[in-house]
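What you are looking at is a predicted structure, and each value in this text was computed from that prediction instead of being measured. Just so you know, these numbers use all the heavy atoms, side chains as well, and skip hydrogens, waters and symmetry mates. Reminder, nothing fancy here: chain letters follow the sequence lines and each chain counts from 1.
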Amino acid sequence: MSTVDLSQFHKTFFEESLEGLDAMEAALLALDSGQTEPELVHTIFRAAHSIKGGAATFGFADVAAFTHVAESLLEEVRSERRGVDEKLIDLLLHAVDCLRAMLARSRRGQPVADADSEALRAELVRLVGGEAAPPAPAAAPNAASVAGWDIRFTALPHLLQSGNDPLRLFRELQQLGRLEVLRAVVVDAAPAQLAELDPSQCFLGWELRLHGAVARADIDAVFDWLDGDCELAIEPVADVTPAALVAAPPLPVAPLVAAPAPKVDPGPRRIRASAAASADGGSIRVSVDKVDALINMMGELVITQSMLSDIGEHFDQSQLERLREGLVQLERNTRELQESVMRIRMLPIASVFNRFPRLVRDLEHKLGKQVRLELHGEHTELDKTVLEKIGDPLVHLVRNAIDHGLETPTQRRAAGKPETGTLRLEAYHEGGNIVVQISDDGAGLNHAAITAKAVQCGLIRPEQELDDAEVAALIFQPGFSTAAQATDLSGRGVGMDVVRRNVRDLGGSIGVRSQSGKGSVFTIALPLTLAIIDGLVTAVGEERYIVPLISIVESLRLRPDMVRKIAGGGEVFHFRDAYLPIMRLHRAFGCAGAVTDIERGIVVVLEEEGRRVGLLVDDLLGQQQAVVKSLEAHYQRVEGISGATILSDGAVALIVDVGGVVRLGQQRSEAA
Amino acid sequence: MARILAVDDSASMRGMVAFTLRGAGHEVTEAENGQLALDAARGSVFDLVLADVNMPVMDGIAMVRALRTQDAYKGVPILMLTTESHTEKKMEGKAAGATGWLVKPFDPEQLLATVKRVLG
Amino acid sequence: MGGTRTAKKPGAEPPAGAPSPAPASADATMLVRLPADCRLAAQAALKAQLQEVLQPGGIVLDVAQLERIDTAALQLLLLFRRELERQGGTLGWCGENAVLREAASLLGLEQLLNLPAATLA
């Protein structure tokens with residue numbers, strides 16, 4: 001038999017254990033919020049139980065030992081010998097954190113237990129009343145052996161119904177030594193009439209003699225599954241003739257029992273770090289529905305393909321209409337297939353939202369605030385990459401909302417509000433975007449503090465009067481933080497500017513609305529996917545630029561009277577009661593042969609976070625979906641450009657980074 | 001070689017059991033919980049069932065009880081994969097009709113030895 | 001208890017080496033063929049079949065096809081024989097079968113089943 005390399009199951013073990021811990025945490029929080037379904041406790045117990053079993057099986061002894069104690073405690077809860085209170089939930093949540101850290105260290109091949117885990121384990125041990133008995137080592141084989149054993153074995157009627165069969169037992173005994181049936185009987189309880197016999201009931205009994213120096217424990221092991229299924233008496237053979245001894249030499253017997261024999265080598269198991277790391281390339285779980293949709297789509301594509309090749313084979317002018325139809329169908333198939341493929345990368349935002357109940361609970365305790373968390377739209381799906389990167393910004397916003405936004409119960413009472421504040425996270429589709437909103441009913445942005453800080457930073461002049469929108473815009477300025485005292489929550493030098501940058505890196509935007517005394521609403525708009533955008537192809541000289549459709553407000557040809565030149569060389573134009581700066585794309589990127597006369601080109605009005613700018617291009621060529629290729633990966637980062645794509649004629653076009661262009665435009669108009 | 005049904009909600013444990021048994025030449029069907037195991041068992045009769053105790057949807061004990069009501073599964077050995085801390089679970093499993101148990105943690109060699117013991 | 005260890009009777013010896021089952025012969029000896037799989041799941045049907053042939057005459061069990069057997073099957077045959085003899089019938093065997101022999105021998109049931117002594121062929 002080949003030995004099995006258990007390390008191949010480590011990755012699965014880590015993944016399912018982390019999932020188990022997530023489930024455990026969610027159930028603990030549900031218990032904490034007063035829910036009492038027994039299934040919650042079962043879920044928690046099951047998670048701990050599985051982790052323990054897996055950890056022990058795959059050689060993570062520290063994890064197994066830790067989980068073992070936690071499980072003992074949970075068993076007391078499950079069997080209702082211990083009640084659930086807040087202290088217990090705190091402790092178990094701590095255990096969840098601890099196990100996550102231990103698993104992470106196991107995964108990296110680092111020492112698993114640390115001071116935190118050991119202290120917590122000690123506390124758990126104390127709670128369950130002393131160290132839970134470690135698995136008993138297998139009983140040592142009886143040293144004192146005898147010449148043989150007499151075994152009286154009478155089946156109880158239900159013995160066969162458990163799938164046990166005396167035949168199997170006798171075969172096992174035969175492996176231990178020579179087995180002699182002294183007597184086999186049908187017990188009196190057997191039905192006299194065949195008609196009354198239930199074949200699955202057993203009415204047989206035996207007197208057996210097992211010859212040889214067999215350890216009693218080995219015989220017990222043969223019968224260990226039959227406790228309660230038979231009458232059993234095992235006694236050393238009273239009178240053994242020397243001949244019998246000679247006749248029955250003990251057979252070398254392979255160990256038959258899967259007793260949990262303590263492993264000889266408790267040394268740390270080597271973990272193949274490199275293999276684990278490369279295997280971490282990232283997998284994705286896809287629901288069968290999505291795969292089925294893909295296969296359906298593929299089927300249709302094949303039909304279209306065969307139709308087109310059929311036309312191609314005997315083509316003449318009369319079939320032009322059919323060819324056109326075929327191409328339309330191909331386009332539809334391709335689009336649907338693309339959507340289906342993209343959908344494979346889409347995962348529900350619930351995986352991010354699910355972190356928040358725990359975070360909110362911890363913050364409540366830390367800050368002495370009362371928060372009701374509402375989650376909406378958890379099933380809204382986002383591209384996997386976006387999903388992975390949106391977590392940190394959201395955590396930051398939630399922290400901010402509780403730390404700075406929501407007031408203490410006393411303050412709230414004084415303000416005539418309910419003591420418990422509400423924090424609401426919501427995700428939904430809007431146009432081609434996913435919108436995530438974080439709203440609270442707290443104090444709103446602190447107008448005075450923000451203004452004072454902005455003056456201090458030199459961002460505004462002291463006498464400047466700012467409206468709500470302008471104040472809100474200030475908090476996204478680099479290095480801007482108003483935290484009165486640097487709490488360990490929000491004051492880690494990570495400001496809203498970093499949040500905004502993270503969101504922008506994802507191709508999204510962030511804005512805030514706030515009302516003093518009523519609360520704040522942060523709104524993040526994210527693209528459905530990073531890989532494909534709907535764009536407007538524009539011509540600038542010899543070049544093609546793609547402008548994301550989502551940022552376009554309007555395109556128009558300017559009349560000379562709409563344009564104003566301003567001192568310093570800047571240009572603005574009148575648009576819906578406002579003057580917008582004009583960005584000449586050919587000038588920004590140095591394109592030769594472009595239209596320089598504003599009246600002969602076209603101005604595309606772009607909007608980003610409430611700010612608008614007019615982009616001057618030569619002409620509009622049409623809409624096209626563009627598969628975004630990273631410029632950074634192939635060349636280098638270029639300000640104002642978010643990537644490149646390949647057009648249908650094979651030419652390369654650059655994709656305009658609207659945020660960057662708007663910023664450039666703003667700087668120019670401000671500099672002017 | 002035998003046809004074996006391996007039931008465990010833990011993908012790593014199930015994977016280990018299935019891989020080990022397949023390596024020994026057995027034909028293994030996997031199921032994630034008791035309910036899915038029952039579905040699999042309805043379609044064909046296995047020579048041996050190995051089942052975890054704690055599973056969502058339908059646990060191992062309920063699964064054994066349900067299997068034993070089927071004529072085809074009256075004498076089929078069913079082993080519970082259980083942990084040493086749950087002696088009462090062993091008894092509960094037996095009462096439901098389990099043949100025996102394999103104590104977790106076990107390694108592939110112990111698994112094969114126990115399967116051999118049951119299948120003869 | 002028991003008391004079933006009756007003296008061995010020659011019983012209805014099957015025609016030596018008869019390869020195929022003979023049809024029920026004139027002197028009311030009936031041949032019952034055991035299926036390949038005689039284990040628990042098959043025993044309800046087997047029991048019904050045996051009940052049907054319970055009669056004062058001779059019953060010969062053809063074991064040529066038998067491949068799988070368990071303790072419950074031997075018990076069923078044992079209790080069948082007991083009732084058959086009580087009604088004045090006899091049980092005989094047709095064909096040698098290693099699976100049956102090994103199981104009956106291991107459980108010490110050869111005599112109770114009236115299996116002919118193992119031929120040392």
Side-chain angles (χ1 to χ4, degrees), chain A residues 150-211 222-223 225-226 229-231 233, chain C residues 1-6 32 34-35 37-55 59 66 68-87 89 91 98-115:
Chain A
D150 275 335
I151 303 168
R152 287 172 53 95
F153 166 62
T154 305
L156 293 179
H158 65 267
L159 181 137
L160 301 171
Q161 288 159 6
S162 64
N164 278 295
D165 191 320
L167 259 179
R168 177 179 66 71
L169 301 174
F170 287 21
R171 280 197 192 103
E172 275 187 65
L173 289 173
Q174 228 181 3
Q175 305 252 314
L176 299 174
R178 187 168 65 84
L179 183 69
E180 185 185 354
V181 180
L182 302 178
R183 208 164 103 87
V185 297
V186 177
V187 299
D188 294 340
Q193 305 268 310
L194 190 63
E196 292 158 21
L197 175 71
D198 170 357
S200 72
Q201 298 218 316
C202 192
F203 300 102
L204 301 173
W206 291 267
E207 286 170 24
L208 307 167
R209 177 164 292 170
L210 186 61
H211 298 277
V222 170
F223 291 98
W225 290 342
L226 294 174
D229 296 340
C230 63
E231 286 167 13
Chain C
M1 58 177 144
T4 46
R5 199 187 293 208
T6 50
V32 174
L34 295 186
D37 189 343
C38 270
R39 290 176 302 170
L40 208 46
Q43 285 166 23
L46 181 58
K47 183 188 133 183
Q49 198 184 354
L50 292 173
Q51 265 177 277
E52 226 165 84
V53 299
L54 268 176
Q55 53 149 4
I59 302 291
L66 184 66
R68 312 192 74 162
I69 198 164
D70 58 13
T71 302
L74 294 178
Q75 175 184 256
L76 176 61
L77 296 176
L78 189 59
L79 293 177
F80 169 65
R81 178 185 175 218
R82 201 161 74 161
E83 184 158 358
L84 184 66
E85 294 194 345
R86 206 180 300 129
Q87 295 191 11
L91 180 68
V99 172
L100 174 69
R101 176 68 67 184
E102 190 262 350
S105 157
L106 194 56
L107 292 174
L109 297 176
E110 287 165 299
Q111 292 187 351
L112 292 181
L113 284 168
N114 196 27
L115 273 180

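By number of non-hydrogen pairs under 4.5 angstrom with chain C, the leading residue of A:Ala155, A:Pro191, A:Ala195, A:Gly205 is A:Ala195. When each of A:Leu169, A:Leu197, A:Leu179 is scored by its heavy-atom pairs under 4.5 Å with chain C, the top score falls to A:Leu197. Taking A:Leu208, A:Leu173, A:Leu204, A:Leu167 one by one and counting their heavy-atom pairs under 4.5 Å with chain C, the maximum is reached by A:Leu167.
C:Leu84 does not touch chain A: none of its heavy atoms, backbone or side chain, sits under 4.5 Å away. For A:Arg168, no part sits under 4.5 Å from any heavy atom of chain C, backbone or side chain. Proximity to chain A involves both the backbone and the side chain of C:Leu106, based on heavy atoms less than 4.5 angstrom apart. The contact between A:Gln201 and chain C is made entirely by backbone atoms, counting heavy-atom distances below 4.5 Å. If you measure heavy-atom distances from C:Glu83 to chain A, the contacts under 4.5 Å come from the side chain alone.
Put simply, the side chain of A:Glu231 never gets that close to the backbone of A:Leu156: no donor and acceptor are under 3.5 Å apart. Under the 3.5 Å distance criterion, the side-chain polar atoms of C:Gln75 are left unmatched by any main-chain donor or acceptor of A:Val186. Judged purely by atom type and a 3.5 angstrom limit, A:Asp165 has no side-chain atom pairing as donor or acceptor with the backbone of C:Asp70. Using a distance-only test at 3.5 Å, with no hydrogens or angles considered, no donor-acceptor pair links the side chain of A:Glu172 to the main chain of A:Val222.
Dense packing is recorded around CZ of C:Arg86, with more than 12 heavy atoms of other residues, nucleotides or ligands lying under 6.0 Å away.
By the 30° and 60° cut-offs, the orientation of the rings of A:Phe223 relative to A:Phe153 is tilted.
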